[in-house]
Amino acid sequence: MNNKTSFSLIAPAKLNLFLHINARREDGYHELETLFTFLNFGDELHFELTTDSDISVGGDTKDIPLNDNLIYKAALLLQTHCKTSLGVKINLIKRLPMGGGVGGGSSDAASTLLALNKLWKLELNLEILAQLGLKLGADVPVFIQGQSAIAHGIGEKLHQVKLEQKWYCVVHPNQHVSTAKIFTHPDLKRDTPKIIGDWKHHTLANDCEPLVKKLCPEVEKTLQWLLKYAPSKMTGTGSCCFVEFASQVQAQDVLENLPHTWQGFVASSANVSPAHTELTAIFDQ
Ligand SMILES: C[C@@](CO)(OP(=O)(O)O)[C@H](O)COP(=O)(O)OP(=O)(O)OC[C@H]1O[C@@H](n2ccc(N)nc2=O)[C@H](O)[C@@H]1O
Ligand SMILES: Nc1ncnc2c1ncn2[C@@H]1O[C@H](COP(=O)(O)OP(=O)(O)O)[C@@H](O)[C@H]1O
């Protein structure tokens, strides 16, 4: 292990390649089954060690009050858990749309936990970091474990899967969809049976899609527009929609034709989270 006192780390996007909701639990959370893949595109976080125990977060954070910022919450949680007197100065470059279903906030939190575990030399294992991460959001553990996976439970029980590398064009229809609003809506489909046997032999869908399309016509319009190129899907609780291709050129072609009212990006998928790949390169090589 080296003694780096400052470095940058990606907080990659995720896609839910399918998302089934099986039941609603008594605590309001939902039992789900979802297939996570990571993308080679995301926010960028810069970490600088300080010895004064202060945690500061700067950069593209204007819209989020410090105490609500998942980066700050993650750093504080880890500092408190490990009773360290070290601090950190964090800078965020935000590239992922907020409330877009690509997991930006959760990924920021996970990359913060992974980075500070190294910077503060805490040596917690991924299991402990994932348990801490779960306190911040149901999506955080998959970013901590860093392997494409089918998730069960509320998203924290992970079964690693190996997927073929694909190229995606991800489109943000300029709509913010609140995860809590979708999960509390009476019209959400919550009764998809659990997958029995191999998931590849099942009809796979995103159970949030019909409701989000109804509440948010721009999402419906985006999915329709993308259909010209390939079968289109929504990720998570929206609002981002995506199409999958074998080559970068095909995905880039969609992006180049995108109506100006929407934003998008092209990225390849990865079975190992790019945050883990980068951390290994920084600390273990
Ligand atoms: C739906 C998913 C699928 O990947 O993604 P997003 O679209 O938000 O990215 C996630 O499970 C979201 O994870 P995350 O965004 O971390 O959720 P949390 O902060 O824990 O919870 C946000 C809200 O969603 C609801 N929630 C979340 C997860 C779950 N399994 N059941 C739920 O009912 C809870 O009511 C909570 O109020
Ligand atoms: N660092 C952060 N980046 C993004 N969102 C954050 C962050 N900290 C807190 N949030 C809050 O989390 C919410 C969900 O954000 P995000 O993870 O980007 O969406 P989604 O879960 O739909 O992918 C945002 O609307 C925002 O209020």
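- With no hydrogens or angles considered, no side-chain donor-acceptor pair links Asp54 and Ser56 at under 3.5 Å.
- Residues His46 and Ser6 form a side-chain contact, since some pair of their non-hydrogen atoms from C-beta on lies under 4.5 Å apart.
- Within the model, atoms CG of Asn125 and CG of Asn117 stand 9.0 Å from one another, a figure rounded to the nearest 0.5 Å.
- Checked against Thr112 for a side-chain contact (heavy atoms from CB on, under 4.5 Å), the options Leu9, Ile71, Leu92 give a single hit: Ile71.
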Report the C-alpha distance between Glu218 and Trp262 in whole Å, list the side-chain angles of each, state the deciding distance to 0.1 Å, and finish with yes or no for side chain to side chain contact (heavy atoms under 4.5 Å, CB included). CA-CA 10 Å; Glu218 202 67 9; Trp262 302 332; 2.9 Å; yes
All N/O donor-acceptor pairs, side-chain side in residues 152-162, below 3.5 Å, sequence neighbours left out:
{"from": "His152", "atom 1": "ND1", "to": "Glu33", "atom 2": "OE2", "distance (Å)": "3.4"}
{"from": "Glu156", "atom 1": "OE1", "to": "Ile154", "atom 2": "N", "distance (Å)": "2.8"}
{"from": "Gln160", "atom 1": "NE2", "to": "Gln147", "atom 2": "OE1", "distance (Å)": "3.3"}

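- Side chain of His20 to main chain of Ala205: a donor-acceptor pair is present (N/O by atom type, distance under 3.5 Å, no hydrogens or angles).
- Under the 4.5 Å side-chain heavy-atom criterion for grouping Ile, Leu, Val, Met, Phe, Trp and Tyr, Leu32 is not connected to Tyr29 through any hydrophobic cluster.
- In terms of hydrophobic clustering, with Ile, Leu, Val, Met, Phe, Trp and Tyr side chains grouped at heavy-atom distances under 4.5 Å, Val57 and Leu76 are assigned to a common cluster.
- Across Lys189 and Ile21, no two heavy atoms sit closer than the pair O-CB, 3.6 Å.
- Residues in residues 98-109 take part in these side-chain hydrogen bond (donor to acceptor under 3.5 Å, both in side chains) pairs, two or more places apart or across chains: Lys94-Asp108.
- No continuous path of hydrophobic side-chain contacts links Leu15 to Leu258 [ILVMFWY only; heavy atoms under 4.5 Å].
- Closest of all the heavy-atom pairs between Leu119 and Val88 is CD2-CG2, 3.7 Å.
- Within the model, atoms CD1 of Ile64 and CG of Asn69 stand 4.5 Å from one another, a figure rounded to the nearest 0.5 Å.
- Residues satisfying the ring pair (Phe, Tyr, Trp, His ring centres under 6.0 Å) criterion with Tyr72, sequence neighbours excluded, are absent altogether.
- Under a 3.5 Å cut-off, the side chain of Thr34 and the backbone N or O of Phe18 do form a donor-acceptor pair.
- Taking all atoms of both residues into account, the shortest heavy-atom contact from His30 to Arg24 is NE2-CG, 3.6 Å.
- Here the closest non-hydrogen pair linking Phe47 and Ser111 is CZ-O, 4.0 Å.
- Residues Leu39 and Val266 fall into different hydrophobic clusters, defined by Ile, Leu, Val, Met, Phe, Trp and Tyr side chains chained together at heavy-atom separations under 4.5 Å.
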List the steps, then state whether side chain to side chain contact (heavy atoms under 4.5 Å, CB included) holds for Phe41 with Leu96. CA-CA 8 Å; Phe41 182 87; Leu96 300 176; 3.8 Å; yes
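- Taking CG from Leu163 and CZ from Phe38, the interatomic distance works out to 10.5 Å, rounded to the nearest 0.5 Å.
- Evaluation of the salt bridge (charged side-chain N to carboxylate O under 4.0 Å, His left out) rule for Asp187 yields Lys214 as partners, not counting sequence neighbours.
- Pairs passing the salt bridge (Lys or Arg N to Asp or Glu O under 4.0 Å) check and including a residue from residues 72-90, sequence neighbours excluded, do not occur.
- Sorted by first and then second residue, the pairs that involve residues 197-212 and meet side-chain hydrogen bond (donor to acceptor under 3.5 Å, both in side chains), not counting sequence neighbours, are Thr192-Asp207.
- Within the 4.5 Å cutoff, side-chain heavy atoms of Leu78 are placed close to those of Leu124.
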Candidate pair Leu66 and Thr61, rule side chain to side chain contact (heavy atoms under 4.5 Å, CB included), full reasoning: CA-CA 8 Å; Leu66 185 66; Thr61 60; over 6 Å; no
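- One distance of note links CD of Gln165 with CG of Asn40; it measures 7.0 Å at 0.5 Å rounding.
- Put simply, CD1 on Ile282 and OG on Ser8 are 7.5 Å apart, with the number rounded to the nearest 0.5 Å.
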Contacts under 3.5 angstrom, residues 128-145 side chains, donor-acceptor by atom type, not counting sequence neighbours:
{"from": "Gln145", "atom 1": "NE2", "to": "Glu127", "atom 2": "OE1", "distance (Å)": "3.4"}

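- Remark: Leu35 CG to Ile195 CD1 distance equals 9.0 Å, nearest 0.5 Å.
- By the salt bridge (charged side-chain N to carboxylate O under 4.0 Å, His left out) test, Arg95 pairs with Glu44, sequence neighbours left out.
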Check: residues 229-245 side-chain donor-acceptor pairs under 3.5 Å, at least two apart:
{"from": "Ser232", "atom 1": "OG", "to": "Leu223", "atom 2": "O", "distance (Å)": "2.8"}
{"from": "Lys233", "atom 1": "NZ", "to": "Leu17", "atom 2": "O", "distance (Å)": "3.2"}
{"from": "Thr235", "atom 1": "OG1", "to": "Asn16", "atom 2": "N", "distance (Å)": "3.0"}
{"from": "Thr235", "atom 1": "OG1", "to": "Asn16", "atom 2": "OD1", "distance (Å)": "3.3"}
{"from": "Thr235", "atom 1": "OG1", "to": "Gly101", "atom 2": "O", "distance (Å)": "3.0"}
{"from": "Thr237", "atom 1": "OG1", "to": "Thr179", "atom 2": "OG1", "distance (Å)": "3.2"}
{"from": "Ser239", "atom 1": "OG", "to": "His172", "atom 2": "NE2", "distance (Å)": "3.4"}
{"from": "Ser239", "atom 1": "OG", "to": "Gln175", "atom 2": "O", "distance (Å)": "2.5"}
{"from": "Glu244", "atom 1": "OE1", "to": "Tyr168", "atom 2": "OH", "distance (Å)": "2.8"}

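- Contact between Ala74 and Leu113 at its shortest, heavy atoms only, is O-CD2, 3.5 Å.
- Judged purely by atom type and a 3.5 angstrom limit, Asn271 has no side-chain atom pairing as donor or acceptor with the backbone of Ser148.
- His276 pairs by the ring pair (Phe, Tyr, Trp, His ring centres under 6.0 Å) definition with nothing, not counting sequence neighbours.
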Go through the steps for Leu49 and Lys4 under the test side chain to side chain contact (heavy atoms under 4.5 Å, CB included), then give the verdict. CA-CA 9 Å; Leu49 183 67; Lys4 281 222 173 257; over 6 Å; no
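- Applying the ring-ring contact (aromatic ring centres under 6.0 Å, His included) definition to pairs two or more places apart or across chains, none involves residues 75-122.
- Note on Ile90 and Leu122: same hydrophobic cluster, where clusters join Ile, Leu, Val, Met, Phe, Trp and Tyr whose side-chain heavy atoms are under 4.5 Å apart, directly or indirectly.
- Under the 3.5 Å distance criterion, the side-chain polar atoms of Ser53 are left unmatched by any main-chain donor or acceptor of Leu86.
- Under the salt bridge (charged side-chain N to carboxylate O under 4.0 Å, His left out) criterion, Glu164 pairs with Lys166, not counting sequence neighbours.
- Closest heavy-atom contact between Gly87 and Gln79: CA-NE2, 4.3 Å.
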